[in-house]
Amino acid sequence: MDYKNMFVEDLYDLLKSKIDKSMIRKMIEKPKYEEMGDLAFPCFELAKIYRDSPLNIAADLANKINTSNLYEKIEPVNGYVNVFLNKKEVSSGVVYEVISKKEDYGNLNIGKDGVVTIDFSSPNIAKPFSMGHLRSTVIGNALALIYEKCGFKPIRINHLGDWGTQFGKLIVSYRMWGDEQKVKKNPIKELLNLYIHFHEEAEQNESLNEEARQWFKNLENGNKEALELWKWFRDESVKEFSKIYELIGVQFDSSQGEAFYNDKMEKVVHLLEKKDLLQESEGAKVVQINNELPPCLIKKNDGTTLYATRDLAAAIYRQDTYQFVKSLYVVGNEQTLHFKQLFEVLEKMGYEWHEGLTHVPFGMILKDGKKMSTRKGKVVLLEQVLNEAIELATKNVMEKNPSLESKENVARQVGVGAVIFHDLKNYRLNDIEFSLEDMLRFEGETGPYVQYTHARASSILSKGNYQENNENINITDKEAWTIITSLMVFPDVIKRAFHGNDPSQVAKYLLELSKAFNKFYGSVRILDDYEKKQERLSLVHSVQIVLKEGLRLLGIEAPYKM
RNA sequence: GUCCCAGUAGCUCAGCAGGAUAGAGCAACAGCCUUCUAAGCUGUGGGUCGCAGGUUCGAAUCCUGCCUGGGACGCCA
């Protein structure tokens, strides 16, 4: 039920000669304060058209709109037409809709089953899973779920960083200082040490970089020793990553990394040549784009490829394989230029589908105001953070709910939920200063707060012998109205999150709904009044459904007890 | 040097396709558990919306310039 649209229709009937429906819809806003009503129509712009004061226009409109059973009250205030919706009518409509649709409430059909590939997470082999990769992982995962809710078919792609010059460096470092036993014992940590050590040495000795380039070239040429080492490093890393994905509940449809495109790059280079796009520049092969963007490097002067080459091959492969209508790249802010170049090159190659390509950038996780650098060993490991979060959640469960069964699982859900929510609640382009303290906060605007609210709602439903019933709902409690209006806009929130590729819209919404519910919970004794109990429980049930579904869209589990 | 992003309460942020009195959380202080989970609720204090112009009936929101922080700028990804 779209109540806003009804208001639009009413206004349109009165204004039709001057202004169209979509314009009216755009003008309608939500009043700033609850006591001003539920919908407001500002008349300032009409003043010019009608050559009358906004106050008069508002008064006139308010007068002429029929106070049908939809509106409780319509009043002109300061040039606005303020509408108070009929609480009984709307409450019963919204609760009915939520309860009958359940987790399908808020589903949209924007995507029409079109495929959207989402490239996210994409950690680098032989490097630890850092907090930076967490951002890409949780944002990408949430977007996949949100797109799915909007009627798309998401294909989750983990574009592993398993190819590139860094392997040359690693091979050189391993051959000079590596110890097989040590690596076997603690692969990621030891490989990271070798990587860091390489950079320390290379600062003194420039020829090491040259040697690393040579070894990468050997790797690309299929040198046996290089390939064996590469495969070993890769396998160990993938094992490590799977543990984390399992812990946070993320799955992929494809984990084909950059190496997968090795045999697909020559074709792309030929294609570029055939289309006469490739130029020689300082010994390298490049595609000139335009005056605003620097040229895109396709091949280095030693003939080896770059990541742009691999990304071109990957984009083409994905279109051939999946026929996507959209393709998202959830990759950090600092790679914006690269994606601009990549998309431009694909456009120059004549691919119509380049329009569906979108870079979804996000801000960095900073440490002391600076970017964290793997090379200097300045990284915070996700696994440690997750473990601490789970540990703290365990402590909390022990204190607050010692009799709870499956404490371990709940602690995992809450700890992980805290970390994911902390990352998703703010706009993705903001840089985040790393703070373990903030991440492990379970009170206030946090994931556990939303989970707790969900657990409260679930608990009261089972205590109150709730009978599912969505007929004749008449909720009159003052504190319930905020909940109703909040439940009502859930589909709009999904739409906004989709259009902005912005999961934080969902996170903020869940906080708003949770606050409204907790306020209600604090002031109304839901189970005490026998007469009103079932309809109040219907409201609680609606909240429980939407909280659970909202958390699900963020990739966060909703325990029934905690 | 060029380009991109950001600057709102002590801290972290919301609000920004212009609209009514600029909002939350944290931290501080004061209350609320013999009663549905206190990971909660209620209240108090706290603001030159970076600075200066401009557009407008109206600017935290749009435009220009400046300041500050961060990032990117061909052989890394």
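- In this structure, of B:C36, B:A39, B:A20, it is B:A39 that holds the atom nearest to the side chain of A:E443.
- Rounded to whole Å, the distance from OH on A:Y427 to P on B:U8 is 17 Å.
- Residue contacts for A:E45: at a heavy-atom cut-off of 4.0 Å it reaches a base atom on one of the strands shown.
- Within the 4.0 angstrom heavy-atom criterion, base atoms lie near A:K561.
- Between A:K425 and the phosphate of B:A24, there is no side-chain N or O to OP1/OP2 separation shorter than 4.0 Å.
- Taking the P atom of each, B:A20 and B:A28 are spaced 33 Å apart, rounded to whole Å.
- Pairing partner, B:C66: B:G50, with both Watson-Crick or wobble hydrogen-bond distances short of 3.5 Å.
- One finds no side-chain N or O of A:N430 lying less than 4.0 angstrom from the OP1 or OP2 phosphate oxygen of B:G70.
- Taking the side chain of A:K32 as heavy atoms from C-beta on, and the options B:A22, B:A39, B:C36, the nearest nucleotide is B:A22.
- Of the listed nucleotides (B:A24, B:A77, B:U37), B:A77 has the atom at the smallest distance from the side chain of A:E258.
- Of the candidate nucleotides B:C75, B:C76, B:G40, B:C75 has the atom lying nearest to any side-chain atom of A:A284.
- Considering A:H454, A:R412, A:K548, A:Q451 as possible partners of A:E557, the one that fulfils the side-chain hydrogen bond (donor to acceptor under 3.5 Å, both in side chains) test is A:R412.
- The interatomic distance linking A:Q505 (CD) with B:C13 (C1') rounds to 13 Å, in whole Å.
- If you check every strand for non-hydrogen atoms under 4.0 Å, A:S459 touches a base.
- Between A:N124 and A:E445, the one whose closest nucleotide on RNA chain B sits nearer the 5' end is A:E445.
- Using a 4.0 Å heavy-atom distance criterion, A:G522 is classed as making no nucleic acid contact.
- A glycosidic torsion no more than 90° from 0 defines the syn conformation; B:C63 lies beyond that range and is anti.
- Classified by interplanar angle (parallel below 30°, tilted 30° to 60°, perpendicular above 60°), the ring pair A:Y261/A:H159 is tilted.
- With respect to A:E266 and A:K299, a salt bridge is recorded, a charged nitrogen being found less than 4.0 Å from a carboxylate O.
- With respect to A:R536 and A:D477, a salt bridge is recorded, a charged nitrogen being found less than 4.0 Å from a carboxylate O.
- When the P atom is compared between B:U44 and B:C26, the two are found 15 Å apart, to the nearest whole Å.
- Classification of the A:Y329-A:F343 ring pair by plane angle, with boundaries at 30° and 60°, yields tilted.
- A:E512 comes within 4.0 angstrom of no nucleic acid atom, judged by non-hydrogen atoms across all strands.
- Closest to the side chain of A:Y307, out of B:A39, B:A77, B:A20, is B:A77.
- Of the candidates B:G40, B:C36, B:U42, B:U42 carries the atom nearest the A:K519 side chain, counting heavy atoms from C-beta on.
- When rounded to the nearest whole Å, the span between CG of A:N518 and C1' of B:G25 equals 14 Å.
- Applying the Watson-Crick and G-U wobble criteria (two distances, each under 3.5 Å), B:G1 pairs with B:C73.
- Rounding to whole angstrom units, NE2 of residue A:H454 and C1' of B:U37 are separated by 14 Å.
- Only the P atoms considered, B:G15 is 31 Å distant from B:C29, to the nearest whole Å.
- Nucleic acid contact for A:V331: none, since no nucleic acid atom lies under 4.0 Å from a heavy atom of the residue.
- For a distance-only test at 3.5 Å, the side chain of A:S281 qualifies as a donor-acceptor partner of the base of B:G74.
- Checking B:C73, B:U37, B:C76 against the side-chain heavy atoms of A:L337 singles out B:C73 as nearest.
- Straight-line distance from the CD atom of A:E334 to the C1' atom of B:C76: 12 Å, rounded to whole Å.
- Ranking B:A24, B:U37, B:A14 by closeness to the A:N426 side chain, first place goes to B:A14.
- When the C1' atom of B:C4 is taken as reference, atom NE2 of A:H359 falls 12 Å away, rounded to whole Å.
- Taking the side chain of A:Y521 as heavy atoms from C-beta on, and the options B:A20, B:A38, B:A77, the nearest nucleotide is B:A38.
- Distance noted for atom C1' between B:C67 and B:U48: 16 Å (whole Å).
- Between the side chain of A:Y452 and the base of B:A39, no donor-acceptor pair under 3.5 Å is found.
- Taking only side-chain atoms of A:N301, from C-beta outward, the nucleotide of B:U42, B:C36, B:C75 with the closest atom is B:C75.
- Looking at heavy atoms from C-beta onward, A:F241 lies in side-chain contact with A:I125 at the 4.5 angstrom threshold.
- Ring planes of A:W230 and A:W163: perpendicular class, angle over 60° (limits at 30 and 60°).
- Under 4.0 angstrom from either OP1 or OP2 of B:G40 there lies no side-chain N or O belonging to A:R456.
- Nucleic acid contact class of A:D162 (heavy atoms, under 4.0 Å, all strands): none.
- For the residue pair A:N56/A:D52, the side-chain donor-acceptor check at 3.5 Å is satisfied.
- In this structure, the CD atom of A:E437 is 18 Å from the P atom of B:G25, given to the nearest Å.
- Using a 4.0 Å heavy-atom cutoff across all strands shown, A:V524 reaches at least one base atom of the nucleic acid.
- With a 3.5 Å ceiling on both atom-pair distances, the Watson-Crick or G-U wobble partner of B:C29 is B:G43.
- The separation of B:U42 from B:G69, taken at their P atoms, amounts to 41 Å, rounded to a whole angstrom.
- Between A:L297 and A:V397, the residue anchored closer to the 5' end of RNA chain B is A:V397, taking for each the nucleotide with the nearest heavy atom.
- The separation between A:E210 atom CD and B:C75 atom P is 14 Å, rounded to whole Å.
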